[in-house]
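Whatever order the structure lists ligands and atoms in, that order sets their numbers, starting from 1. Not measured: the values here are computed from a predicted model. FYI, side chains are in, hydrogens and waters are out, and symmetry mates aren't considered; it's all heavy atoms of this structure.
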Amino acid sequence: MTVKTMQTADVKDLLEKVAGFNQDGGDERVKKIVHRFMHDVFQLIEDFDVTPEEFWQAVYYVGDLGKNGEAALLAPGLGMDKYLDIRMDAEDEQAGLAGGTPRTIEGPLYVAGAPMSEGFARMDDGSDENAETMILTGQVTEENGNPLVNAVVDVWHANTMGNYSYFDQSQSEYNLRRRIRTDENGRYTAQSIIPAGYGCPPEGSTQALLNLLGRHGNRPAHIHFFISKSGFKHLTTQINLAGDEYTYDDFAFATREELVVEANRIDDPAQAEGYGLNKPFTKVEFNIQLVSTDKPELQSRHERKRALEGEAA
Ligand SMILES: [Fe+2]
């Protein structure tokens with residue numbers, strides 16, 4: 001039988017002391033949030049009659065999560081990144097800033113300061129000779145369809161093993177990471193390789209919890225983007241390649257219908273030659289529409305800890 005203790009004076013008093021309500025120093029907002037958070041944890045323990053064994057298991061789980069560096073991987077797996085997107089979409093709607101290409105989650109694997117190119121970039125270092133060549137191209141426009149010149153398209157994706165350079169030290173520096181400034185027609189083009197999807201580390205903390213939920217930890221093949229231009233809302237998004245087993249079953253909840261893009265095999269030698277290639281390739285076209293805003297705080301990406309952020313130009 002579950003005992004009820006949450007309404008007792010002892011527990012109320014304990015929660016207030018925990019949150020520092022009886023202290024002058026500290027941060028008021030943090031105090032309120034911690035008070036609410038711990039109240040809800042206590043309530044959960046009561047409602048589910050959590051045993052000490054279960055409780056300590058959870059404490060050590062959090063410790064392991066930090067040790068494995070997986071906190072920012074578990075977050076999207078539990079829908080938190082997606083939830084923040086849902087909130088930002090609703091805020092945009094309310095501010096009359098909806099429309100344009102939809103946002104989706106950033107993920108934890110961006111590295112700042114990738115080399116900048118004008119109009120075209122070769123993204124792969126050529127070391128994977130068995131990879132399928134990808135031509136990734138598109139136009140950046142404003143809402144009325146006018147091309148946006150000098151928009152910065154910051155692209156990053158995994159290799160054929162599903163690994164990202166920097167985090168995978170076996171890859172060359174900034175492999176599969178580039179920034180491309182759009183040309184006079186608002187176009188960007190990248191030559192790269194078709195990425196593979198990937199899964200959470202099988203022995204990691206994230207997968208351990210997903211197993212208990214009966215869920216897999218896989219993502220479809222995808223390509224990440226930041227797109228920015230002064231006077232326009234910064235866009236964080238990614239495309240999922242159509243036809244992947246997980247295109248509509250992404251453990252990180254990043255898929256949006258408008259962001260599923262066909263990957264088309266092109267065998268026509270004339271088209272290959274147009275891109276300086278002498279073999280068939282796969283073309284991925286992603287056009288991007290930005291929404292104008294005069295609010296400077298909406299024109300750059302929100303702050304979070306990112307690899308090499310603030311160190312590279
Ligand atoms: Fe990713």
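- Tally of protein N, O or S atoms closer to the Fe ion (ligand 1) than 2.8 Å: 4.
- Qualifying side-chain hydrogen bond (donor to acceptor under 3.5 Å, both in side chains) partners for Y166, counting only residues two or more places apart in sequence or in other chains: none.
- By the 30° and 60° cut-offs, the orientation of the rings of F225 relative to Y188 is perpendicular.
- The side-chain heavy atoms of R103 and D89, taken from C-beta on, include a pair separated by under 4.5 Å.
- The pair R187-E285 counts as a salt bridge, with a side-chain nitrogen and a carboxylate oxygen less than 4.0 angstrom apart.
- Residue V291 belongs to a hydrophobic cluster whose other members are L97, L298, with links defined by side-chain heavy atoms closer than 4.5 Å.
- In this view, H39 satisfies the ring pair (Phe, Tyr, Trp, His ring centres under 6.0 Å) rule with no residue, not counting sequence neighbours.
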